[in-house]
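One structure is given here, and the rest of the page talks about it.
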Amino acid sequence: AHAFVHPSTSRPASRLSMVATSPPSKPGAPTADWSPESWKTKKVSQGPNYEDPEELDRAVNTLKKCSPLVFAGEVRSLHESLARACSGQGFLLMGGDCAEAFNEFNVDHVRDTFRVMLQMSLVLTFGAAMPIIKVGRMAGQFAKPRSEPDEVRDGVALPSYRGDIINTEEFHPEARRHNPANMIAAYHQSAQTLNILRAFSTGGYADMSRLHAWNLDFVEETEEGSRYRQFATKVDESLRFMKAIGVDTSSPIFTKTDFYTAHECLLLPYEQALTRQDSTTGRWYDCSGHMLWVGERTRELDGAHLEFVRGIGNPLGVKISDKCSPEELIRIIETMNPQNIPGRLTIIVRMGADKLRKNLPGLIRAVQREGKSVLWISDPVHGNTYKTEDGIKTRSFEAIRAELRAFFDVHDEMGSHPGGVHLEMTGEDVTECTGGVSGVTEQSLSDRYNTYCDPRLNGKQALELAFLVAERLRK
Ligand code: PEP
Ligand code: MN
C-alpha cells in the first residue's frame, strides 16, 4: 500500500517557515551555565595542539564572521523527522566518507555519494514502507580521532594525521603541524559541498521520474544494478498510474527531496565558531551541520565534547561500543537529552556482531526501564576494521552484514525499533572493503584504495547492503 511513498520526508513548505513556536527550555535554549565556550573548562580528549594562540584566534574570528552553513529551520525539520522515527515511523540512513579530504573534493565525488544514497533510500522505502531520512557524512566530516598521538616511520616520530581540517597526511613536520587555517579551508569546502547538495536535492536531480538515471555506470552491469532497475521500473509504473488518476506528479513531493548533513563533533574551536543564536527563537544551534555526533573516544561524561553538545539545539548522536555499560549509557542520555525529547538523541551502536548480541540487549533494557526516548541505529563498520597481512586497513562485507543481522535480531527480541544505519561509503568504484557482489579481495584492495582514513564501501557494496536491510525491514 505504501509503494508510492517518496523516499523522503519531503515537506518543502516547512523548509521556508521560520515561525517561532517553541515553548521554554527546548534544546538549545540559553541557560546560565552553558555558553559556546564553556567546553574550555573541561578536559578535551583528542584535541589538536595549536602552538600559537594568536594564530588560533585569528582563524576562529574569521569563522565567526562566516555565514552559517545550515539554518535553524532545516535543523528543526530534521529533528521532527527523527522524532517520528523514534516512535517507529522512519528509518535513518547516514552515509559518506570516513574523512572528507581537500584533494578528493570535486562535484562528481559529492554527486556520486548523493545518488547512491538516493538509490539506497528508494530500495529502503520499499522495504520499510516508511520515510527514509537521508543524512550525509558530508560538508564537515574532516576531523579524526586517532589511537596514537604520533606516527613513527623509520625511527622518525611526527604527530599523527588528524584529518585535513587539522593537518596534512604527508609525512613531514610542516605538513603534520596542527594548522588553525585549515579550519577555514574546510569551512569553504563544506560551503561548496552544501551548495551542490542543495542544488541536487531541490533542483530536479532528485525528481522521481529520473530514478533510472541515478544508476551508476559501474553498478549497472551487476545483479544489484538490475535489481535496482526492476525497482525503478515499478516506481515508474506507479507514477504513470498516479498521473492517470489525476495526481500531480510535478508537485515538490515527487520532484524534491530532503538531504541533511552530519559530522563528528570533534574539533571544538571550529564548532564553537559556527554556533549561532537563532534570531527567531533565541536558541543556540551549531550551524556547521544539521546533526552532530560525539565519537566513541570523546564521549566522557565530564569531558569537553558532551559539555559542548548539551547546549546546542541540533539533533545529536553518540557512538557506543561494547565498552559502554548500561549505567554509563543512561548517564550519557541524561546529559545529552535531559528533557527526554524524542528525536534529540540517536544512539549509534558499533561493536561487531558477537559483542552486539551480548551487550545490546542490556543497553536496550536499561533504556526501556528508564523510559528514555532514543533512536537506535547501527554503525556496522567501525567494529569490523582489521589489517591484512600486507598492512592494509580493511573491512569484510560478511562481517558488516553479520553485525547488521545481529542488530535486527536483537531489536526483534527486545521489541524495539531498529531505526537506521550509519555507513562509511562512497559512490565511487573504490576497492577498500572486501567481499559482496563487487568481488573485491584482499589481493585487489590496492587497485583503487583511495580513502584518507577508514575503508569505505563502494557504490555496489552500499547498494547491496541496502537490499539486505530492505529485505529485513519488510515485515
Ligand atoms: C568515525 O565515525 O569515523 C569514527 C571515528 O567512529 P567511532 O567514534 O565510532 O570510532
Ligand atoms: Mn571512520
Side-chain angles (χ1 to χ4, degrees), residues 44-48 92-101 104 113 135-149 160-166 169 186 261-268 271 288-289 291-301 303-306 308-309 316-324 328-329 332 336 345-353 355-356 359-360 363 376-387 392-396 399-400 403-404 407 420-426 430 432-433 449-458 461-462:
V44 185
S45 305
Q46 297 283 342
L92 173 58
L93 170 64
M94 298 183 84
D97 296 323
C98 177
E100 291 173 283
E104 211 181 13
T113 302
V135 178
R137 278 178 70 113
M138 297 164 106
Q141 178 49 34
F142 287 96
K144 300 311 299 175
R146 300 315 300 259
S147 40
E148 301 298 333
S160 295
Y161 171 59
R162 288 185 177 269
D164 282 1
I165 197 168
I166 294 172
E169 205 190 17
T261 60
H263 59 266
E264 179 172 349
C265 181
L266 184 63
L267 183 59
L268 296 175
E271 305 302 339
S288 69
M291 180 176 177
L292 285 302
W293 76 86
V294 180
E296 162 68 11
R297 294 171 187 78
T298 49
R299 55 170 176 73
E300 303 109 318
L301 281 163
H305 293 85
L306 287 203
F308 176 74
V309 296
L316 304 175
V318 62
K319 295 276 203 101
I320 297 295
S321 79
D322 61 300
K323 294 191 189 108
C324 187
E328 193 184 1
L329 179 61
I332 291 172
M336 297 179 81
L345 184 57
T346 296
I347 309 289
I348 310 169
V349 179
R350 38 86 87 215
M351 45 185 86
K355 288 175 179 157
L356 188 148
N359 290 291
L360 185 57
L363 297 170
W376 294 101
I377 73 169
S378 166
D379 163 354
V381 297
H382 280 93
N384 292 305
T385 316
Y386 72 97
K387 271 193 180 166
I392 304 178
K393 226 195 213 185
T394 189
R395 294 166 173 152
S396 87
I400 293 169
E403 178 158 355
L404 272 173
F407 180 78
V421 290
H422 180 117
L423 301 170
E424 285 182 347
M425 51 166 279
T426 168
V430 298
E432 298 172 5
C433 296
Y449 193 92
N450 301 339
T451 183
Y452 280 75
C453 196
D454 288 337
R456 301 163 293 186
L457 296 164
N458 64 31
Q461 291 167 326

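Nothing fancy with the numbering, it's 1 onward along the sequence. As the structure lists them, so they are numbered: ligands from 1, and atoms in each ligand from 1. From a predicted model like this one, the values you see are computed outputs, not experimental measurements.
With ring centers used as reference points, His422 lies under 6.0 Å from Trp293.
Crowding of Lys393 atom NZ: a count of heavy atoms from other residues, nucleotides or ligands under 6.0 Å exceeding 12.
Annotation: protein N, O or S atoms under 2.8 Å of the Mn ion (ligand 2) (waters excluded) comprise Cys98 SG, His382 NE2, Glu424 OE2, Asp454 OD2.
Salt bridge annotation for Asp97-Arg137: absent, with no cationic side-chain nitrogen under 4.0 angstrom from a carboxylate oxygen. Salt-bridge formation is not detected for the pair Glu264/Lys319: no Lys NZ or Arg NE/NH1/NH2 atom is positioned less than 4.0 Å from an Asp or Glu carboxylate oxygen.
Side-chain contact check for Ser378 and Glu403: no donor-acceptor pair (N or O, by modelled atom type) lies under 3.5 Å.
When the options Gln461, Arg456, Arg395 are evaluated for a side-chain hydrogen bond (donor to acceptor under 3.5 Å, both in side chains) with Glu432, the one that passes is Arg456.
Protein residues lining ligand 1, listed by chain and number: Cys98, Arg137, Lys144, Pro145, Glu264, Trp293, Gly295, Glu296, Arg297, Lys319, Arg350, His382, Glu424 [non-hydrogen atoms, distance under 4.0 Å].
With sequence neighbours excluded, no residue satisfies salt bridge (Lys or Arg N to Asp or Glu O under 4.0 Å) with Arg162. Every residue meeting the side chain to side chain contact (heavy atoms under 4.5 Å, CB included) condition with Glu169, not counting sequence neighbours, appears here in chain and number order: Tyr161, Tyr452.
Pairing each heavy atom of Cys324 with each of Ile320, the nearest pair is CB-CG2, 3.6 Å.
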